Every structure is written in C-alpha cells, then in structure tokens.
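Here is the structure we will look at.
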Amino acid sequence: MSSPLQEAAQRVAKEFDYSDDEVFKAGKHFITQMQEGLLKDGTSMSQIPTYVTAVPNGTEKGVYLAVDLGGTNFRVCSIQLHGDTTFTLTQSKVAIPKELMIAKTAVELFSFLAKQIELFLKEHHGEHFESHLRRRNTVSSPTGYRDEHIFKLGFTFSFPVHQIGINRGTLIRWTKGFDIADAVGKDVCQLLQDAIDALHLPVRVSALVNDTVGTLMSRSYTSPGKTPTVLGAIFGTGTNGAYVEKLSNIKKGLEGAYDAKTGEMVVNTEWGSFDNELTVLPTTVYDKDLDTASVNPGIQMFEKRVSGMFLGELLRLAVVALYKEKLIFTDVAAIEAASPLNTHSGVDSSILSVAAADETADLAALRKEIEVQLAVKQASVEDAKAIKTIAYAIGRRAARLSAVAVGAIVVQSGRLDTTSSSASGEVSEDDIVDVGVDGSLVEFYPAFEEHMRAALRKVAGMGEQGERRVRIGIAKDGSGVGAALIALVAEGMDVDA
Ligand code: ADP
Ligand code: MG
C-alpha cells in the first residue's frame, strides 16, 4: 500500500526520468554543437583550442614544477615522473594575503608567487638550487647555463584567460575576490616569468593549464598500458571536459604557434553550456526555478542539471514543494527558519550520495543526514523514503546526462571507427577508449558510473559494442601532475613561433 507521500515522490521522480530515446537525440545534438564550436566563435559550446598537441602515455620521465593559483591558496609542487605510470609529488601551499588580491600592480602579486617558488626550491630541491647559483656565479653570460638545469613549470591559473599559445594567455578579468586592474589584458605567463627572472630562479613557465586539460593529461600518464586517454572530464562543483580532436577538424583560426606533427590538439569544450537553448535537455519545474534564481539565468544549462553545485538545490526545491503541499514532514512541528531547506542553495549535493547509499529498512543514515544537514529533527522513515526516491532520480538523471557528453565525445573522437578485435570476446588493449574523470560527484555518488554506462549504450554511434570499449578511471591531481605533464609536452614541442 502506498501513501500519498510516496505517490507524490514517485511522481516527482518520474519528472526526472530521461529516456533512452532522449539520450540518443541529445548525443546527436551534442556532436552538432561540438562541430559548430570548432568552426566559429560565439557558439553554445566554446570548444577552446588549448595548443596542447600531445598526450603522455606513461613512459615520460623527469622532474617538473607546477603551480596553481585558484583563489584562496597558491600551491607549488614538484612532480617526479618515474616513466612507469607512477610519480612522486612534493608540495607546499600558502594562503594568498588579502592585500595582494587587490594590489595596485600585478608585480606585487606575482613577486609574492615567485618568492614562494624560490622558498619551495630551497626547501625541496636545495642541491639543484645551490648548483644553479654556483653556475650563475661562474658563467659570465647570463644565458650561459645549460637548458637541462632549468625547471619547466606548468601554471594552472583558474581565472578567465584568452589563451594565445601553450604558455601565453591574457587575463580577461579577475573573479573570486581578486581585483588588480593593472594585470587585465596582460599575459599571465609573462608576468610570472618576469617575477621569476627578477629572483634569478632556474625556472621556465612552459605551459598555461586549464584543470580539465590537466585531468586528461594526468589520466593519460597514469592509466594502465600505453593507450592514450581521449577525454578528461570533471564532475565536481562544475562540469567540463577536454578531449583530443583532429587538428584538421579545428576550422576556426588558431592565433598562436603550435606543433602540428601529431595532427591532434586538445580542445576544452566548456560543455557546461551545452544546449543553453534547451532543445534536448530535460526541464522540470525545479530546473526552471533553479535557473531563475541563479546568478546567470539562461546559461550553463547543462551544468545546472549535472554538477555538484546544483543537484542539492534541485532536491531542496522538490522537497520544499512537497512540504508546501503538506505531504512531507507532517510529524515535524515546524521547519526552523534557519534550516538549509529555507536557504537558496542551502543543501549540499553530498546528501544525494548518502540517500543512494543507505539501503537499510529504517534509513538510519539518511535520517541522520536529514537531521544534521537539513536541520529537520524527527523526520520519519516515510519522509526519508520519499527523499531517497527523489534524490535517486536527480542523481540518475545527472549521470545519464553525463553519458551524453562522454558518449558524444567518444564518437566524435573517431576512436571507435577502428577495431582490432573480433566481434565477440574480450576488448583488446588496442581497442580500449580511455576516459579520465575527476570530481566529488563521480568519485562519491554510488553507482554514478553504472548509471552513466547504461545511458552510454544509447548514445547515437555508441551501442553496446562501443560502451564496452570505454574504460573510465579516476584522474588524480590534475592541477599537479597534469600541469607538470603539459609543461613536459610543451617543452618537447617543435614550434615555429
Ligand atoms: P572542485 O569542483 O572544487 O574541484 P569537488 O570535486 O570536491 O571540488 O566537488 C565539490 C562539489 O561536489 C560540491 O558541489 C559538493 O556539493 C559536491 N559533493 C561533495 N561530496 C559529494 C558527495 N559525496 N556526493 C555528491 N556530491 C558531492
Ligand atoms: Mg576539482
């Protein structure tokens, strides 16, 4: 026997269904928008060329530096690549002083960053650093020391930049509380290099790095075997992907220099804005409300249905609607005004994972989460059951939408067009299509990959054959090892600037 609450929850869950047919159509549309983005600027998906034209296969060796300026902290690390898909990472982290975020000149901030690199080198690479100083003092010409003594550095810079080469990109604007007018329009790699040179450090800024590209690179290095990874995808606070495209398919102008020898280039899709026009994306009343109340209505429409920043809010809106209908929390005296349920974006997506993981009859873990996270005491088992039903539907839809992006890119990459194995039997090493993923949602949401795979089979051009060939693995530390690897491939590039 089903109660009105459970019936209502089932009804809401049904609104979040995303059928096989819709997945099929969306996959086709995704490919259309990818191709549009390769032709011209100003399209739904930006398809930004990254000037990275090679991905590692796990045999790379050497010591590289990586720095990450993302908002709150500045991270410096060195990565030793052992050449056997493994690496050792050493790192330090420092908070950016508030006054430097709003400094008068870019030099003030970048001098601080260079100083941190110097401290890191002294502490962790003292010997190398000292021998560099000795060489500097004995060689009369400042360019006299040999190139192999110079550390190559990958610079992960998480602000909007207009990239014009593998280690060149001008700052479009600051975000996240930074405001240094003097830096806008300048090449951030050059700003860092100048500050490094002022301290005479043996470091060259070799690559400007986006986190999705870092994910792709780190997975390609660490994945088993030598099969290169085709896609790096992030399902965390936001969602985005970078993949390996044929150079000949990138029809819009490339302004910077790059090495054309591989015939490929990594493209940053910015797929969070796939189908902003809502031609194929599913839309419930909750999706509409979420978008209207957001800071950027009408954009990032794919991201608003898929990523961690929004799934908790969809659940909140659905639960609040049930509460207004007096269907849920009927035994609860009143919901506190301060409850996250009454706060825009108050509910963290991690509750979806708790709901999906709790298979007990009395849903003890989920009820505890409802008490702690939603500040609703004495929620009944029935209440929790309804929340579980809805949370499951929201998580499953997100995973199925993720499959649209992953599947369409695998098809577009052309990696399924060749096959070495017979129709039956195991997928051979050569036929594996490797995909690297990162982010709390894909890492912690139970069965995210299973839901994704079920939908992957339905993407146009994939089928069961194609889906079986896709290997999905977590890419650890894209902004560290990924940035180092981009510095490595950048240095190996044969560029006519
Ligand atoms: P970032 O995107 O900043 O690199 P993460 O990959 O950790 O960081 O993603 C953080 C996002 O993931 C947040 O939106 C958070 O709500 C969500 N999240 C964190 N833990 C979980 C979980 N267990 N299940 C689902 N979503 C989660
Ligand atoms: Mg991340």
Side-chain angles (χ1 to χ4, degrees), residues 50-51 64-71 73-78 92 94-123 125 128-129 132-133 135-137 139-176 178-210 255-257 479 483-484 486-488 490-491 493 495 497:
T50 64
Y51 298 91
Y64 292 84
L65 293 181
V67 296
D68 183 353
L69 182 68
N73 295 304
F74 182 61
R75 208 159 72 105
V76 184
C77 46
S78 64
S92 74
V94 56
I96 315 273
K98 288 265 180 297
E99 64 274 16
L100 290 182
M101 296 179 168
I102 50 169
K104 279 227 159 48
T105 64
V107 170
E108 292 167 62
L109 173 66
F110 284 86
S111 302
F112 172 82
L113 304 184
K115 190 77 201 162
Q116 302 313 309
I117 297 171
E118 179 176 50
L119 292 172
F120 179 88
L121 288 178
K122 279 185 178 155
E123 183 176 348
H125 298 274
H128 187 124
F129 191 76
H132 166 74
L133 287 184
R135 265 192 306 278
R136 235 170 58 77
N137 292 334
V139 177
S140 51
S141 137
T143 52
Y145 27 90
R146 302 221 319 268
D147 202 46
E148 62 254 42
H149 301 125
I150 308 252
F151 283 111
K152 284 81 181 175
L153 177 147
F155 184 14
T156 302
F157 184 76
S158 308
F159 299 91
V161 287
H162 176 61
Q163 194 157 0
I164 45 179
I166 194 143
N167 65 348
R168 291 177 66 200
T170 54
L171 177 64
I172 296 169
R173 63 174 176 279
W174 290 106
T175 56
K176 299 181 262 194
F178 281 69
D179 184 18
I180 309 168
D182 168 57
V184 176
K186 290 191 177 147
D187 176 0
V188 294
C189 288
Q190 193 60 54
L191 287 171
L192 183 59
Q193 187 68 61
D194 289 346
I196 285 168
D197 292 347
L199 296 178
H200 305 291
L201 306 180
V203 175
R204 176 161 61 234
V205 182
S206 305
L208 183 59
V209 180
N210 170 282
E255 351 172 1
S479 75
I486 298 172
L488 180 151
E491 287 295 328
M493 278 174 38
V495 169

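For the numbers below, each heavy atom of this structure counts, side chains included, while hydrogens, waters and symmetry mates do not. Note that this is a predicted model, so its numbers are computed, not measured.
- Arg75 CZ: more than 12 foreign heavy atoms inside a 6.0 Å radius.
- Between Leu208 and Gly169, the shortest heavy-atom distance links the atoms CD2-CA, 3.7 Å.
- Here the CG atom belonging to Leu65 is positioned 5.0 Å from the CG atom belonging to Leu153, to the nearest 0.5 angstrom.
- Here the side chain of Gln116 pairs no donor or acceptor atom with the backbone of Leu113 at under 3.5 angstrom.
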Extract all donor-acceptor atom pairs below 3.5 Å that involve side chains of residues 189-196 and protein atoms in other chains or at least two apart in sequence.
unit_1 : atom_1 : unit_2 : atom_2 : d
Gln190 : NE2    : Asp194 : OD1    : 2.9
Gln193 : OE1    : Val205 : N      : 2.8
Gln193 : NE2    : Asp197 : OD1    : 3.0
Gln193 : NE2    : Val203 : O      : 3.1

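- The two residues Tyr51 and Ala257 come nearest to each other via the heavy atoms CD2-O, 3.7 Å.
- Rounding to the nearest 0.5 Å places CZ of Arg173 at 13.0 Å from CG of Asp179.
- For Lys186, the side-chain hydrogen bond (donor to acceptor under 3.5 Å, both in side chains) partners are Asp182, not counting sequence neighbours.
- Nearest heavy atom pair, residue Gly154 against residue Ala487, reads N-CB, 3.7 Å.
- Nearest heavy atoms, Ser111 versus Val107: OG-O, 2.6 Å.
- To the nearest 0.5 Å, atoms OG (Ser206) and CZ (Phe151) are separated by 12.0 Å.
- Between Phe159 and Leu69 there is a side-chain heavy-atom pair separated by less than 4.5 Å.
- Summarising the geometry, atom CG belonging to Leu201 is positioned 8.5 Å from atom NZ belonging to Lys115; distances are rounded to the nearest 0.5 Å.
- In this structure, the side chains of Leu199 and Ile117 stay at 4.5 Å or more apart for every pair of heavy atoms.
- For the residue pair Ile150 and Arg204, the shortest heavy atom distance occurs at CG2-N, 3.7 Å.
- Considering all non-hydrogen atoms of both residues, Ala66 and Ala483 come closest at CB-CB, 3.8 Å.
- In this structure, CZ on Arg168 lies 9.5 Å from NE2 on His162, to the nearest 0.5 angstrom.
- Residues Phe120 and His125 form a side-chain contact, since some pair of their non-hydrogen atoms from C-beta on lies under 4.5 Å apart.
- A 4.5 Å side-chain heavy-atom check between Phe157 and Leu171 finds at least one atom pair inside the cut-off.
- In this structure, Asn210 CG and Gln163 CD are separated by 8.0 Å, a value rounded to the nearest 0.5 Å.
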- Does the side chain to side chain contact (heavy atoms under 4.5 Å, CB included) test come out yes or no for Leu109 and Ile96, once each step is laid out? CA-CA 9 Å; Leu109 173 66; Ile96 315 273; 4.1 Å; yes
